[in-house]
Amino acid sequence: MASAQAQKPNIILLVADDLGYGDLSCYGTQLVHTPVTDSLAAHGLRFTNMHACASTSTPSRYGMLTGEYPFRRSGTNVAAGNAGTIIRPEQTTVADLMRAAGYATAAIGKWHLGLRNETGRQDWNDTLDVTPRDLGFDYHYIMAATADRVPCVYIEQGRVSQHDPDAPISVSYQQNFEGEPTGRDNPELLTKLRPSHGHDQSIVNGISRIGYMKGGGRALWRDEDIADSIVAHACGFIERHSSEPFFMYLCTNDVHVPRMPHERFRGLSEMGLRGEAILQFDWTVDQLCRTLRRLGLDEQTLILITSDNGPVLDDGYADRAEELCGTHRPWGPWRGAKYSAFEGGSAVPFIAYWPGGIGQGGVTDALCSLIDVPATLAQLVGVSVPHGAAPDSQQHLSTWLGRDRKPRPWAVSMAANRLVTLRTQRYKYIAPSKGGPMITWGPKIETGNAPVPQLYDLSTDVHEDHNVAAEHELLTKRMQSLLQTITGQ
Ligand code: NG6
Ligand code: CA
């Protein structure tokens, strides 16, 4: 019985938003404490070389759920809140694969992959077609995009949750609705946070956002309660499916902007709101673990904890993340951050915890990529990936469960400007690109752009300081041509 259970565990893929490699105490920071996540790492496996498919959310999640690199598909840049579906229903997702293995499936929390067929054509007061239900998820309770984008409501099973018939919802990313205040024109209404760049359109809960919305009434979220709502729906799903295998794609809003954690976390971190959002993330992990234990599911549940992209401090709100950061390094040892082609854009924390299937307390530096989520989880649950599905996803189960340390031969990631980079276990290659060295529209982050080829030897130069392309001409050429073969460009 125990071994049968060990073969088919429940799976929780817990994806934080903008949580950096260096933001968890099990990855070395002393300045914020994440004891629950740390204890999963201590009793499971901690990865020091996991890469997201991109250094922003939409393309990163697209790759992770479909097993197709986001650069193969146009329309995979950061999506608006009224974007049409980015994953097409005929594509095979990891949820389809889990469903084929008899799993109950759910998507809970941040979605950011579009809804309905066409951008801007949603009727938010009616049932939406083309939702996660059409992409393999039996159940969903999601935020359409991000907390900083309208509409500021949850969608449950295709309908706005707690929809308020007295406050019908309209959304536009083009123009404001007559008479509705904005952050730009009505800064006096910004009672909770002010923008530092962008984010000056509709105001909800005393915070201005990207995009315009009207209505919502009691369906509007209160940012302070987002983590609680996500946790309640995640734990509810676990309870309802405690006697059958389940797969839950669970995405926190933490630690994305606007950072507005629940009042009970206020004052608990010297780093202010960003630090408190990290504490709230750890609380989320704790609530999940408690629910699993209470239901006797701890042994037979694989929890994977990761993030969609690298970290950022000032991402558009004056929340003092930069001033209060002190000596904390959210990106860990890497250069660059969210948006960047340097490692800090795509190197993410990754912890695998499964008492019934993973030995205790390991650390692995094997090169891995989240593009392998569909194929590797299919391998775990014993379903085959249909021909042509998840085309870029590979099976690396033995590495993911710590049974060996075999690295992926290479990993590619896409920066915010769609520049694709190539990593091997030892080297990193960045193709020559136009564009300046710094992001110009807000955050103070290095893009990783340079007019010349860049090659870094990560075995001695984790921080990508010394471009050795000129000394290793042949290797640079080989990596360049491998990257061209992979991207088909
Ligand atoms: C940027 C937003 C940023 C964040 C990001 C997406 C501005 C000025 N900045 O355009 O705040 O929302 O998009 O983040 O609008 S992600 O993690 O979802 O990719
Ligand atoms: Ca993100």
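The structure displayed is predicted, hence computed values, not measured ones. One-based numbering, in listed order, for ligands and for the atoms of each. Hydrogens, waters and symmetry mates are skipped; everything else that's a heavy atom, side chains included, is used.
By the 3.5 Å distance cut-off applied to N or O atoms, T56 is not counted among the residues near ligand 1. Residue-to-ligand polar distances keep T146 apart from ligand 1: every N/O pair is separated by 3.5 Å or more. Checked by distance only, ligand 1 and T58 stay at 3.5 Å or farther apart across all their nitrogen or oxygen atoms. Not one N or O of W441 is nearer than 3.5 Å to an N or O of ligand 1, by distance alone.
Close contacts of ligand 1 with V257, meaning ligand atoms under 4.0 Å from a residue heavy atom, involve 11 (O). Remark: ligand 1 atoms within the under-4.0 Å shell around heavy atoms of I210 are 15 (O). Of all atoms in ligand 1, numbered sequentially from 1 with element shown, those under 4.0 Å from a heavy atom of N309 are 17 (O).
Of all the heavy atoms of Y317, none lies under 4.0 Å from any atom of ligand 1, so neither backbone nor side chain is involved. The proximity of D148 to ligand 1, defined as any non-hydrogen pair under 4.0 Å, is limited to the side chain.
Looking at atom 18 (O) of ligand 1, its nearest protein heavy atom turns out to be K110 NZ, 2.9 Å. In this structure, atom 9 (N) of ligand 1 lies nearest to the protein heavy atom H199 CE1, 3.7 Å.
For atom 2 (C) of ligand 1, the candidate residues are R149, H112, H197, R209; the nearest heavy-atom contact is made by R149.
Evaluated for a side chain to side chain contact (heavy atoms under 4.5 Å, CB included) with I169, the options D164, D123, N125 yield exactly one hit, N125.
Using a 4.0 angstrom heavy-atom cutoff, G316 does not count as in contact with ligand 1.
Between F342 and W334, the ring center distance fails the sub-6.0 Å criterion.
Note on ring orientation: taking the six-membered ring where Trp is involved, the planes of F137 and F247 are parallel (angle under 30°, cut-offs 30° and 60°).
Listed by chain and number, the protein N, O or S atoms at a distance under 3.0 Å from the Ca ion (ligand 2) are D17 OD1, D18 OD1, D308 OD1, D308 OD2, N309 OD1.
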